[in-house]
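Comments concern the structure below.
Note that these values count all heavy atoms, side chains included, but never hydrogens, waters or copies made by symmetry. Order of the sequence lines fixes the chain letters, A, B, ..., with proteins taken first and strands second; residue numbering starts at 1 for each chain.
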Amino acid sequence: MGGIVEPRLLRGLQDLFPAQMHARQWIIDTIRGVYERYGYVPLGTPAIEFLDILSGTAGEETQKQLFEVRGPEGEQLGLRFDQTVSLARVVAQYADLPRPFRRYQVAPAWRCDNPYEKRGRFREFVQFDIDAVGVESDVADLETITAMCDTMAALLQAAGTQAGRDTGGFRVRVSSRRVLNLLLGFAGLPPDSAHDVFRVLDKLDKLGHERVRLELTTGYVDDSGSRVRGLGFSGAQVDRIDQFLSIRATSRGDALTQVGELFKDVLGAAAELEPLARMSERLHALGYGDELVAYDFSIARGLDYYTGTVFETILLDLPEFGSVCSGGRYDDLVMRFLGERVPAVGTSVGVDRLLIALTELGCAPLRKCSAQVLVTVFDPGLMDHYLAMTYELRRAGINTELYLGPEKRIGKQVRYGDHYEIPVLVVCGPDEHARGEVQLKDMAVGRQRTAEVKDRGQWRAERPGQFNVPRDQLVLAVTKLLAEVGNES
RNA sequence: GCCGGUGUAGCUCAGUUGGAUAGAGCGCCUGACUGUGGAUCAGGAGGUCUCCGGUUCGACCCCGGACGCCGGCACCA
C-alpha cells in the first residue's frame, strides 16, 4: 500500500529527450557511415560480463569504477566499462574468427566515477568503437587515425560548423607509449614508474608546466585547497622530463626531429621514431596535414592496456572540453584471455560527450519532431477524411502525424504543432471539405511573422503562411512545400 | 574518495535580528478576441521550505547530523 515512489535517477545517468535522441542518432548514423566506408563490420556483445573478465585489464582506476552486478545464481558480474575488453574476450573465445578482425560497435558503457555533465562525463555513456585485431602493421594505426579524422570532419561539417576552416575544427593528437618508455630511460626513472609518470604528463595541457613539475617532485596544494601528492623524483630527473615537455613542434616532422635530437644517446630511440616518421609521410600523402594530425608526446592516455601509439581528439573551439575520440594500440590485451599475443589497435568516439560538445557549440541537430506534417482534426466527424489524408501522405514517404489528442479546438492543435516544430500543418474544416480543398500551413512563415505582427487583428487577417490547395493535390502540394522549407526527408 | 559551496513551486530565484494564511518572474492549464501559433487581458493549478533531531512562546531563518545537488581535485569517452 505504499505511498508514491519518488521518481528519480542515479547520479550520472541521464534521460534523453526526443531532440537529444534525434541528435544522438544522427551522430551514430554519421559515424557508422564512415566506419562502414572503411570496411569495418558490426559486432554486438552483452553489457554484462563476468567480473574477472573486466577486472585488472585497464588499471586500478578503472577497477574502482566498475559497476558490479549480481547474477541470478549469485555470479559475480559487472557492466562493461568500454567495448574493448569484450572484443578481446570475443577474439580469444572464438578461435575460428578470421583475422584480422575489424569490427565496429556502438553501445553504452558504465563507469562509476564522478560525473561532470557539463563536460559530457556520465556514468552511463555511449561509445562508438572501431578496432582491428590481429594486426601488427602500423598501417592499421594510420587507418585508425584517418578514420578518426574522417569521422570528425563528417560530424562537424554536416553539423554546419567550421565550414571552410582548413583545420576542420578538430585536431587528432598522436603519441606513443613506446616513445614515452624511452623517456623513462632518458630521465633515469625506473620502468615501474611508467604508470604514475604518464598520468602526470598527460595533465600538461590542463595544469601547465609548473604544476606538472611540482607533481613530479614535491607535490602542491591546488586552488581548491586539496593537496596533490608528489612523486618524489629528483631535480635532475625532472629537468630531463622538462626538456622533453618543452618541445614545441611546428609540425609532425619537427616533433620527431626534436625528440630524436634529445634522445640521440638513448638506445633504440631511432628505431622507435622511424615508423612514426613513415606514418607521418603517408598521412601527408593521403591529405592529412599537420593541422589535422599532430604528434604530441605529452599525451599518454590513462588506460593501462595501451602499448604503442595512443591518440585523442580535441575540438579546437572547446579545447578545455577534453577528448571526444581516443584510442590506441593494445598488443597484449588478448593475451589475458588466450595466452597468445594478438596485436590490436582501435579508437572510440564518446557519442554522449560529443553530443554535449556539439550542443555547447550550438550545432547539434536537435530536432523536436520526426513528423514533417501534422494532420489536424478540425471536426471529429471528418475523421475518415483525416485518416485518408494521413495514410496518403505516409505512403508517399512523408513523415506524417495525425493529431490524437482530445481537444476539439484547432488553436490547441496548432500550438501542439508549433511546440514540436512540425513544419507543415494540414487543416481541413467543414468549409474546406465542402469546397474539396485542404488548407496547408507553413509554420516557419508564421513563426517569422510572429516577431513582426503586433496587432492581433492584423495577425488574424494575414493568416501568415496559410493557403488552400485542391484535396486531390494534397501530396503534390505538401511535397512542394517541404522542398521549399528544406525539410524533405 | 578528498576540499569548497549549496538545498524554498516544473525552471530561475526573493524571503528583513527568529514572528501570524511562504512570494515573484518564466513555464503550465482555463477563458475572452470570427475557425488557427505570437501579443494583450482575465482567471487557475502547483510547496512536507531536502530529511531527522535540538534550541525557542514561536524556526524557511539559529545549532547538530544525514542525504542530495553544484564546482574543484583525482580519473576518463
Side-chain angles (χ1 to χ4, degrees), chain A residues 3 6 8-12 58-65 81-84 108-129 199-200 202-203 206-207 211 215 219-229 300-304 312-313 321-327 347-357 374 376 378-379 407-422 425-432 439 441-466:
Chain A
E6 188 195 349
R8 62 201 195 280
L9 216 49
L10 183 66
R11 186 168 149 73
E60 270 176 56
E61 291 303 328
T62 312
Q63 181 76 28
K64 278 190 284 185
Q65 294 170 358
F81 55 84
D82 68 11
Q83 324 287 346
T84 312
W110 293 264
R111 289 181 202 171
C112 197
D113 60 357
N114 239 0
Y116 187 7
E117 296 175 15
K118 280 190 181 144
R119 291 205 179 158
R121 187 168 60 211
F122 301 96
R123 286 180 169 178
E124 177 185 66
F125 54 98
V126 168
Q127 291 184 309
F128 205 153
D129 282 33
R199 177 173 55 79
V200 176
D202 217 30
K203 293 193 272 191
K206 204 165 161 189
L207 299 182
R211 290 197 161 176
E215 188 161 352
Y220 65 99
V221 176
D222 73 18
D223 301 337
S224 75
S226 58
R227 218 175 61 239
V228 178
R229 181 180 62 95
R301 305 303 308 165
L303 296 177
D304 270 358
E312 65 178 38
T313 310
F321 195 79
S323 174
V324 293
C325 174
S326 42
T347 191
S348 175
V349 181
V351 171
D352 289 312
R353 173 171 285 188
L354 195 61
L355 174 57
I356 299 288
L374 174 69
T376 57
F378 193 106
D379 175 3
E407 289 80 9
K408 296 191 179 80
R409 294 165 49 93
I410 195 69
K412 173 99 181 167
Q413 300 184 35
V414 174
R415 261 203 309 281
Y416 174 86
D418 186 42
H419 176 82
Y420 282 102
E421 295 173 6
I422 300 172
L425 260 58
V426 173
V427 180
C428 183
D431 297 351
E432 288 87 352
Q439 179 187 87
K441 277 177 75 74
D442 177 348
M443 296 295 277
V445 170
R447 201 169 297 125
Q448 191 188 336
R449 288 297 291 157
T450 273
E452 299 151 10
V453 178
K454 288 286 161 270
D455 176 70
R456 180 174 177 81
Q458 186 192 349
W459 171 270
R460 300 189 66 145
E462 203 176 289
R463 289 190 167 179
Q466 289 180 205

A/Arg121 versus A/Arg353, closest heavy-atom pair with distance: CB-NH2, 4.1 Å
Sugar-phosphate, base or nothing in reach of A/Gly411, heavy atoms under 4.0 Å: sugar-phosphate
Reported CD-to-OG1 distance for the pair A/Gln127 and A/Thr347, which is rounded to 0.5 angstrom: 9.5 Å
Beyond-backbone contact of A/Met443 with A/Glu421, side-chain heavy atoms, under 4.5 angstrom: no
Between B/C33 (P) and A/Ile410 (CD1): distance, integer Å: 17 Å
Non-hydrogen side-chain atoms of A/Phe122 and A/Ile356 separated by less than 4.5 Å: yes
Full working for side chain to side chain contact (heavy atoms under 4.5 Å, CB included) between A/Thr376 and A/Tyr416: CA-CA 10 Å; A/Thr376 57; A/Tyr416 174 86; over 6 Å; no
Sugar-phosphate only, base, or nothing, as touched by A/Arg11 at under 4.0 Å among non-hydrogen atoms: sugar-phosphate
Between CZ on residue A/Arg111 and CG on residue A/Asp82, distance to nearest 0.5 Å: 6.0 Å
Touch class at under 4.0 angstrom, heavy-atom based, for A/Phe378 against every strand present: base
Spacing of A/Glu421 atom CD relative to B/G37 atom C1', expressed in whole Å: 12 Å
A/His419 vs A/Val324, nearer the 5' end of RNA chain B by closest nucleotide: A/His419
C1' gap between B/A14 and B/C60, integer Å: 12 Å
Touch class at under 4.0 angstrom, heavy-atom based, for A/Gln413 against every strand present: nothing
Identity of whatever pairs with B/U34 - Watson-Crick or G-U, under 3.5 angstrom: none
Same-atom distance (C1') from B/A9 to B/G47, integer angstrom: 6 Å
Rounded distance in Å - CD (A/Gln466) to P (B/G37): 9 Å
Sidechain-backbone polar pair: A/Ser323 side chain, A/Thr313 backbone, donor-acceptor under 3.5 Å: yes
Integer angstrom distance from the C1' of B/A59 to that of B/A42: 38 Å
Sugar-phosphate only, base, or nothing, as touched by A/Gly322 at under 4.0 Å among non-hydrogen atoms: nothing
For B/G1, the Watson-Crick or wobble counterpart (both distances under 3.5 Å): B/C73
Pair assignment for B/U55, Watson-Crick or G-U wobble, requiring both distances under 3.5 Å: none
Phosphate-side-chain proximity, A/Arg409 and B/A32, N/O vs OP1/OP2 below 4.0 Å: yes
Residue-phosphate contact under 4.0 Å: A/Lys412 side-chain N/O, B/C29 OP1/OP2: yes
Close side-chain approach of A/Phe378 to A/Pro430, heavy-atom, < 4.5 Å: yes
C1' atoms of B/A22 and B/C61, separation to the nearest Å: 12 Å
Inter-nucleotide P distance (B/G44, B/C52), Å rounded: 32 Å
Sugar-phosphate, base or nothing in reach of A/Arg415, heavy atoms under 4.0 Å: sugar-phosphate
Sugar-phosphate only, base, or nothing, as touched by A/Glu124 at under 4.0 Å among non-hydrogen atoms: nothing
Base paired to B/G46 (Watson-Crick or G-U; both N/O distances under 3.5 angstrom): none
Nearest-angstrom distance, P atom, B/U56 to B/C13: 36 Å
Rounded distance in Å - CG (A/Asp129) to C1' (B/C76): 14 Å
A/Pro115 vs A/Gln127, nearer the 5' end of RNA chain B by closest nucleotide: A/Pro115
B/C61: pairing nucleotide in any strand, Watson-Crick or G-U under 3.5 angstrom: none
Spacing of the C1' atoms in B/G58 and B/G18 (rounded, Å): 8 Å
A/Arg121 CZ to B/G72 C1', straight-line distance once rounded to whole Å: 11 Å
Pairing nucleotide - B/C67, Watson-Crick or G-U, each distance under 3.5 Å: B/G7
Selection from B/G37, B/C70, B/C76 that lies nearest to any side-chain heavy atom of A/Lys441: B/G37
Sugar-phosphate, base or nothing in reach of A/Gln439, heavy atoms under 4.0 Å: base
Pairwise P distance for B/U40 and B/G27, with rounding to whole Å: 9 Å
Presence of donor-acceptor pair under 3.5 Å, side chain of A/Arg353 and base of B/C76: yes
A/Lys203 vs B/C73: side-chain N/O to OP1/OP2 distance below 4.0 Å: no
